[in-house]
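Proteins come first, then strands; the chains are lettered A, B, ... in the order of their sequence lines, and each starts at number 1.
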There are 2 protein chains.
Amino acid sequence: MRLLLVEDDARIAADISAVLTGAGYTVETASDGEDAWFRGDTEDYDLIVLDLGLPGLDGMSVLKRWRGNGRHMPVLVLTARGSWAERVEGIDAGADDYLPKPFQFEELLARSRALIRRSVGHGAATIAVGPLTIDTRAMRVSVNGVPQSLTPLEYRLVSYLGHHRDRIVPPTELQEHLYGDDFSRDANALEALVARLRKKLGAVAIGTRRGFGYYMGESAP
Amino acid sequence: MRLLLVEDDARIAADISAVLTGAGYTVETASDGEDAWFRGDTEDYDLIVLDLGLPGLDGMSVLKRWRGNGRHMPVLVLTARGSWAERVEGIDAGADDYLPKPFQFEELLARSRALIRRSVGHGAATIAVGPLTIDTRAMRVSVNGVPQSLTPLEYRLVSYLGHHRDRIVPPTELQEHLYGDDFSRDANALEALVARLRKKLGAVAIGTRRGFGYYMGESAP
DNA sequence: CAGCGCCTGTCAGCGAATTGTCAGCTTCAG
DNA sequence: CTGAAGCTGACAATTCGCTGACAGGCGCTG
């Protein structure tokens, strides 16, 4: 799960980030409104934790802009204690939940889980693409009914492409999804990963569009 | 299995909690409606035992809010004797079962087992997975018909995996259901527990999918 | 109350699976 | 034809999970 934390106070941001990371999330941070707006508008996050008091573009405006652009990811707003007016405004702006400051980290984690769970919904347990079947409950992939043993990273790649079938997914997007903000890796890591997958699933399972990215399903030129 | 007990009378809550704990459940309690609503909305419980007479937000409203938010966990409602109107309202609010007060603890346990069983799709009181048989009434596990002596924690782990057979259960989920909201433990505690279980039940009883979690049943690669 | 045993968490080390890196090769577009 | 993009196999580093030993805590018993 990939989270965006929007918080201008560097020390607080570091604390919260550490807690969320410890809970198993991939956390990225934005420290001002402009950056937050751009990333929330162009990246796919599973949850955004948004502090309202920001320099530059303020948090509420950022949230309104996202919603105005049709972005529906869950947003958890950190409000000042008992700021009743802010809550009302926030509801209209499209926030999904609130947390008055100061708060217990435990509560932040609990609400984050709830929001993510709600947004994921109860989608189908299996998705089929060509000869592939992806069972999200057993976290297993079958080719023509034959189960394959995939490593965690391999599974996440197949799963992501499967959820975005018939669409060319740029390598940068895949790297973001697989590795989050960690840019330490060689660009070749992804290619090597794809190669290993094709060996297991068959060469036709994943297609390449030179210069654009990878895809599963129908994306013939 | 992780239960939430919502009951405002501290003495009664302690009694019921003791009985449920003795039956092998991880029990958490909430004593008012606000707390109950929040926890039920944000945490994963296998069953919620809900008393209707609560200070603040009353039990029925809490239940309606949960269902309104799309939460489907089984809820067992404790009603006043012969309160016919409450039952009807409860059905609409989404309760799964009723227990008129006063009741025998034995009946509470039986209905709890039944609800949990039903929610995970098993009809019978005993679950068979490979050579294992889990008797949820007697809290006993047998390997090829030979009863094993398991510690309370060991039984809870087997029971949870058995109820969720053929599914990969992430370690974080297991920790939640074994330990509730007590987060003090080392990640290794779970691994040590699994190791002890495998020594008793045989190495094949519990499978590992590196990077994903544990499972019982058919999730082999 | 002291002693004992059982249960369970912690620690440290080991082995293996996973994944990043490198170097050289192939393929494609212009 | 040529350079860049992508592929591949081998190798190495890292991470992850397992295990055995140990210790604290709790309840039971004499």
The side chain of [X] lies closest to which of these nucleotides: [options]?
X: A/N188; options: C/dT19, C/dT8, C/dA23; value: C/dA23
X: A/T208; options: D/dC18, C/dT8, D/dG6; value: D/dG6
X: A/R210; options: C/dA17, C/dT10, D/dA4; value: D/dA4
X: B/T151; options: D/dG6, D/dT8, C/dC7; value: C/dC7

Within this structure, what is the [atom1]-to-[atom2] distance between [X] and [N], rounded to whole angstrom?
X: B/L178; N: C/dT8; atom1: CG; atom2: P; result: 10 Å
X: B/L150; N: C/dC6; atom1: CG; atom2: P; result: 16 Å
X: B/L197; N: C/dG9; atom1: CG; atom2: P; result: 12 Å
X: A/D186; N: D/dA12; atom1: CG; atom2: P; result: 17 Å
X: A/Q175; N: C/dT21; atom1: CD; atom2: P; result: 11 Å
X: A/I206; N: D/dC7; atom1: CD1; atom2: C1'; result: 13 Å
X: B/L193; N: D/dT19; atom1: CG; atom2: P; result: 13 Å
X: A/L157; N: C/dG20; atom1: CG; atom2: P; result: 11 Å

Residue mapping more 5' on DNA chain C - nearest nucleotide basis, A/A189 or B/A187: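 Per heavy-atom nearest nucleotide, the more 5' residue is B/A187.
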Under 3.5 Å donor-acceptor pair, A/R196 side-chain atoms to C/dG20 base atoms: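 Pair found.
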Any donor-acceptor N/O pair under 3.5 Å between D/dG6 base and A/R209 side chain: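 Looking at the base of D/dG6, it does not pair with any donor or acceptor on the side chain of A/R209 (distance under 3.5 Å).
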Whether [X] contacts [N] is assessed here as follows: a side-chain N or O lying under 4.0 Å from the phosphate OP1 or OP2. Is that the case?
X: B/Y179; N: C/dT8; result: no
X: A/R198; N: D/dC7; result: yes
X: B/K199; N: D/dC18; result: no

5'-most by nearest nucleotide on DNA chain D - A/G213 or B/Y214: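 Here A/G213 is the residue nearer the 5' end.
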Considering all heavy atoms, the nearest B/P147-B/R140 contact: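 Heavy atoms only, the tightest pair is CB-CD, 3.9 Å.
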A/E154 side chain vs A/T151 backbone, donor-acceptor pair below 3.5 Å: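 Pair found, side chain donor or acceptor close to backbone of A/T151.
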Sidechain N-carboxylate O distance under 4.0 Å for B/D41, A/R111: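 No, B/D41 and A/R111 are not salt-bridged.
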A/D44 and A/R71 ion-paired at < 4.0 Å: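 Yes.
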Aromatic plane relationship, B/F212 with A/Y155 - under 30° parallel, 30 to 60° tilted, over 60° perpendicular: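 Perpendicular, since the angle between the ring planes exceeds 60°.
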